Number of protein chains: 2
Amino acid sequence: MAKPALKLVDDATDLESERLDLVFSALSDPVRRAILEQLDGKDLLVSEIAEPFDISLQAVSKHIQVLVRAGLVTQQRSGRISRCRLDAGPIFGAALWLNRYSKYWQGQFDTLALYLDELARRPDGQDTGGE
Amino acid sequence: MAKPALKLVDDATDLESERLDLVFSALSDPVRRAILEQLDGKDLLVSEIAEPFDISLQAVSKHIQVLVRAGLVTQQRSGRISRCRLDAGPIFGAALWLNRYSKYWQGQFDTLALYLDELARRPDGQDTGGE
DNA sequence: TTGATAATCAACCATATGATTGAATGTCAG
DNA sequence: CTGACATTCAATCATATGGTTGATTATCAA
């Protein structure tokens with residue numbers, strides 16, 4: 001009856017399930033994933049975010065709105081500019097849901113643990129670029 | 001430069017990005033997430049999977065096709081029945097992508113590690129608040 | 001053969017999504 | 001005030017999605 005201690009893990013509740021709907025749906029678009037990667041470590045304006053993409057600024061603005069609705073990005077408007085900041089909180093909930101299947105990875109699980117360790121140890125989040 | 005050792009982490013490649021598109025999109029629907037939870041630990045027929053849901057069998061069949069396209073479920077037809085099996089492999093790739101933001105969780109990271117430990121230690125994958 | 005069963009196919013519908021272009025809003029600089 | 005700029009709003013379009021019902025395919029049992 002009472003929810004488990006880690007309520008994020010239990011997606012039986014409508015609220016958490018709807019949040020997962022929004023988060024996974026937001027993550028299902030490569031443009032939005034790229035936006036999140038851009039925001040990893042630094043806040044950016046809408047126009048700065050849009051710069052690398054070949055689509056219109058309006059399209060990027062709509063993508064950002066989707067990320068905002070999912071709780072993955074917050075926007076702080078000051079004057080005519082709108083600074084966008086990553087909020088990784090909801091990603092944690094998604095990761096928890098995924099990790100209920102970690103038992104299937106097994107061998108690769110060590111790889112993940114190692115990778116997490118590596119990431120945690122690194123000052124910035126940059127990948128090595130291999131070798 | 002060359003790709004990193006863990007190519008799953010680098011979604012710059014079109015192939016891996018499209019796979020993530022399919023996986024995250026598949027996970028964005030509560031029915032499909034529930035199906036994956038049903039398949040956690042046991043293979044099921046389409047009709048068995050459909051039983052708990054209020055929607056038509058055909059709708060469930062289409063959901064399963066989406067999961068198959070994403071690589072999350074495999075189907076083995078034998079006679080008129082079609083046995084569905086979970087393939088958690090693609091979830092690993094998705095988890096790796098998410099975990100690039102683990103540095104933001106920090107405090108909660110211990111919680112995740114603890115949870116993973118808990119999951120790994122549990123004989124079956126059942127959550128406390130399960131079905 | 002007949003008939004029930006398992007699953008998919010097909011057509012259809014309502015709504016959502018991702019993109020576009022053009023207009024509007026609001027703000028800063030001269 | 002004028003105008004450039006940052007962003008959003010609005011209308012539109014093509015396509016995708018999630019659901020329905022009805023038909024079809026294929027298998028098993030009597």
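Bear in mind the structure is a predicted one, so any value in this text is a computation, not a measurement. In the text below, chain A, chain B and the rest are named by the order of the sequence lines, each starting its count at 1. When reading the values below, keep in mind they use all heavy atoms of this one structure, side chains included, and skip hydrogens, waters and symmetry mates.
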- request: For residues A:Gln76 and A:Asp43, determine if any side-chain heavy atom of one lies less than 4.5 Å from a side-chain heavy atom of the other.
  value: no

Between [N] atom [atom2] and [X] atom [atom1], what is the distance in whole Å?
X: A:Leu57; N: C:dT25; atom1: CG; atom2: C1'; result: 14 Å
X: A:Gln75; N: D:dA6; atom1: CD; atom2: C1'; result: 12 Å
X: A:Glu51; N: D:dC5; atom1: CD; atom2: P; result: 16 Å
X: B:Gln65; N: C:dA10; atom1: CD; atom2: C1'; result: 14 Å
X: A:Ile49; N: D:dA6; atom1: CD1; atom2: P; result: 14 Å
X: A:Arg83; N: D:dT8; atom1: CZ; atom2: P; result: 13 Å
X: A:Asp29; N: D:dA16; atom1: CG; atom2: C1'; result: 13 Å
X: B:Asp21; N: D:dT17; atom1: CG; atom2: P; result: 11 Å

- prompt: Considering only D:dT7, C:dT8, C:dA19, which nucleotide approaches the side chain of A:His63 most closely?
  reply: C:dA19

message: Starting the side chain at C-beta, find the nucleotide from D:dT7, D:dG18, D:dT17 nearest to B:Arg69.
response: D:dT17

When you measure from the side-chain N and O atoms of [X] to the phosphate of [N], is any distance below 4.0 Å, counting only OP1 and OP2?
X: A:Ser61; N: D:dT8; result: yes
X: B:Ser47; N: C:dA7; result: yes
X: B:Ser56; N: D:dT20; result: yes
X: A:Arg77; N: C:dT27; result: no
X: B:Gln58; N: C:dA10; result: no

Joint hydrophobic cluster, B:Phe53 plus B:Leu57, side-chain heavy atoms closer than 4.5 Å: yes

- prompt: Pick the nucleotide of DNA chain C nearest each of A:Arg32 and B:Leu45; which residue has the one closer to the 5' end?
  reply: B:Leu45

message: Testing the 3.5 Å rule here: is there a donor-acceptor pair between the side chains of B:Tyr104 and A:Asp40?
response: yes

query: Can you find a donor-acceptor N/O pair under 3.5 angstrom joining the side chain of A:Arg80 to the base of D:dT7?
result: no

message: Under a 3.5 Å distance rule, please check whether B:Lys42 uses its side chain to pair with a backbone N or O of B:Gln38 as donor and acceptor.
response: yes

message: Has A:Arg33 got a side-chain atom pairing as donor or acceptor with A:Leu27's backbone, closer than 3.5 angstrom?
response: yes

- prompt: With nearest nucleotides of DNA chain D determined for A:Ser82 and A:Lys62 from heavy-atom distances, which residue corresponds to the more 5′ nucleotide?
  reply: A:Ser82

